[in-house]
Amino acid sequence: MTQISACINKKNITIIVFSLKLSISSFTSTTIPIHRHFSLQSFQETCPNNDQHPKPMLKSTSRHQQEQTMVSLVKSSTHKPHLLQIQAHLTRSSLLQNPKFSLLFLSSLCSSRDLRYARLFFSQIKNPSSSHYNTLIRAYSSSNSPKEAFFLYREMRQKGLKPDPISFSFVIKSCVKFRSVFCGLQVHGRIIREGFLSDCLLLTTLMEFYSSFASREDACKVFDEMSQKDTVAWNVLISCYLRNGRTRDVLMLFDKMKNEGVCEPDDVTCLLVTQACANLGALEFGEKAHRYIKERGYGTARNLSNSLISMYSRCGCLDKAYDVFKGIGEKNVISWSAMISGLAMNGFGRDAILAFEEMRRTGVIPDEQTFTGLLSACSHCGLVDEGMEFLNQMSKEFGIMPNIHHYGCVVDLLGRAGFLEQAYRVIISMKVKPDATIWRTLLGACRIHGHFTLGERVIEHLIELKAQEAGDYVLLLNIYSSTGNWEKVSELRKFLKEKGIQTTPGCSSIELKGIVHEFIVDDVSHPQKHEIYNKLDEINKQLKIAGYVAETTSELHDLDVEEKANALSYHSEKLALAFGVLVTQPGTTLRVTKNLRICIDCHNFAKFLSGVYNRQLIIRDRTRFHHFRDGHCSCNDYW
DNA sequence: ATAGGGTTAG
């Protein structure tokens, strides 16, 4: 073994000698001595160039043996110069005219990763068979020029050659890769005409095709028409629902799989389900999935554990996330990054930094996403100096160039801390093109600090990107109203009304005993509305005694609400919290999920509520968690 | 002696 590897760096010819020895030795019994000085030359001498005349028995056996040697030689070669030499030899012995041999050689060329040469060789084959086409199609489908696979497919069909189901599946995969629905649809039509609709694997590929183009309905249709569904088909269906935002249905499908018992959920299913729970913040269901994972014996699978860390973190359940993390035998960069991000999004920035240092001590190398977690930890806790230091460190020490997410965290960090112009300069001077999200982050910071001239500039950038959304105008509206710019407020309102721009209503939900209760601004739809509003009045009185002052200049989530003070007292998160206080035992932790950012006033309200009513409150909004306890927030009041 | 398919962690 060492002998062979020692020769790899020498001339190619040496490598051939060794490969030959290797392949011959695997074909001959150990009692037959192997030539000591066997080389390409001596090999060529023993290979007859002319096989027009019938050979005596003995000769043909040796020829057969030589061909066998060539087969194993070609099979074991992926090194291009090496293959070129073999090709020269094969051409001389006219072995390449044999379709089987040319196919074998073509596949070796394909695995040598030089597809251009493989293609050149292919074009020299006189009558390429469908097998030849299939081999090349397969190679192109996983290359960085997947479109070639489709061209080859078309070419072979024009020649009247028929692709088999496996080749169809490669062609579909290529269409996914070069993002052409049109080509994929054509191929699907062909698959129907060829009658390959009972092939479960091929249909699964088709589902994946539709799923990747967000045509959930088409993917479902393919699934429904499958005569035999296996677990992978279910998984593709589930991943399709997950990708297209139908997260609730993922949970339903998981239950369905379990109940039907035909296709038991496997580790991949569990992975998808934990992701769905993370997206929904569905802690109870997540715990159920976790139990199932343990039951099925997947408890030690690291990818599942990593996903569970993220799930528990995103449900605001950091202790459980940490339990899973502790249980991982060998933590990799993904485990660490998941834990760091989990700490970050729950407001434990200092701990996230400590975790990072611990990770470094154990010798795990951080990557891009580790730094995303780390920088978001800094931005959520207002650690400006630390954050800027990490931004420096990542490229200098680890050679990781900051991407848009890293810059996004830095803009958030600087912006929240009030360094608005500096944040603006970061966006302008960064090497990547600013996207709508990063502008929106800055807009959020302008809202916090009531900086309307910069806010207007940011809106211009968003308009330039054709990415301006109703929510952006609402932010600007709030900037105007918080700075008392009432003229601009009515001007903007008029503009929005004229353009018919609809805003997303703020919506908060609270899960109690497995039932999700949803509230919107000034909600009157809940059956217990009277009790809820009474409770809210009572809470307001109590909090006022403790020193809470409603911030009347703040947040208008709904454009149609004209009376600010009124709307403020009935923001959806307040309703959800009041409902929680109303129906749970004192001391119970309340978990509220909000679709937009929590406003300053509600944040303040929650802080007082946690102290006065002695409740732990966990509010998850669009960007992060806010843990309230004893009148404080985990993010150190930092906005 | 002939290539070879589908889902999947932060």
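Just so it is clear: chains get the letters A, B, ... in the order the sequence lines come, proteins before strands, and each one is counted from 1. These figures come from a predicted structure and were not determined experimentally.
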So what does [X] hit on the nucleic acid, given a heavy-atom distance under 4.0 Å: a base, only sugar-phosphate, or nothing?
X       : result
C110(A) : nothing
P165(A) : base
V232(A) : base
S131(A) : base
A139(A) : nothing
T370(A) : base
D267(A) : nothing
F168(A) : nothing

How close or far is atom [atom2] of [N] from atom [atom1] of [X], stated in whole angstroms?
X       : N      : atom1 : atom2 : result
M226(A) : dT7(B) : CE    : P     : 13 Å
I125(A) : dT2(B) : CD1   : C1'   : 12 Å
Y210(A) : dT7(B) : OH    : P     : 17 Å
K100(A) : dA3(B) : NZ    : C1'   : 14 Å
E330(A) : dA9(B) : CD    : P     : 20 Å
Y153(A) : dA3(B) : OH    : C1'   : 19 Å
D266(A) : dG6(B) : CG    : P     : 15 Å
N303(A) : dT7(B) : CG    : P     : 15 Å

For the side chain of H82(A) and the backbone of H79(A), is there at least one donor-acceptor N/O pair under 3.5 Å apart? no
From [options], pick the nucleotide closest to the side chain of [X]?
X       : options                 : answer
S337(A) : dA1(B), dT7(B), dG10(B) : dG10(B)
I334(A) : dG5(B), dA3(B), dG10(B) : dG10(B)
D367(A) : dG10(B), dA3(B), dT8(B) : dG10(B)
R302(A) : dG5(B), dA9(B), dT2(B)  : dA9(B)
L104(A) : dA1(B), dA3(B), dG10(B) : dA3(B)
Q275(A) : dA9(B), dT7(B), dG5(B)  : dA9(B)
L103(A) : dA3(B), dG10(B), dT8(B) : dA3(B)
N134(A) : dA3(B), dT8(B), dA1(B)  : dA3(B)
R243(A) : dG6(B), dT8(B), dG10(B) : dT8(B)

Check whether the ring centres of F356(A) and W336(A) lie less than 6.0 Å apart, and answer yes or no. no
Aromatic centroids of F122(A) and Y133(A) separated by under 6.0 Å: yes
Suppose we call a contact any N or O donor and acceptor under 3.5 Å apart; does that hold for the side chain of [X] and the base of [N]?
X       : N       : value
N332(A) : dG10(B) : no
N306(A) : dA9(B)  : yes
N235(A) : dG6(B)  : no
T204(A) : dG6(B)  : yes

Distance only, no hydrogens: is a donor on one side chain within 3.5 Å (strictly under) of an acceptor on the other, for [X] and [Y]?
X       : Y       : answer
T370(A) : S337(A) : yes
N279(A) : R314(A) : yes
T441(A) : D412(A) : no
T135(A) : H132(A) : no

With a cut-off of less than 4.0 Å, is there a side-chain N or O of K173(A) near OP1 or OP2 of dG5(B)? no
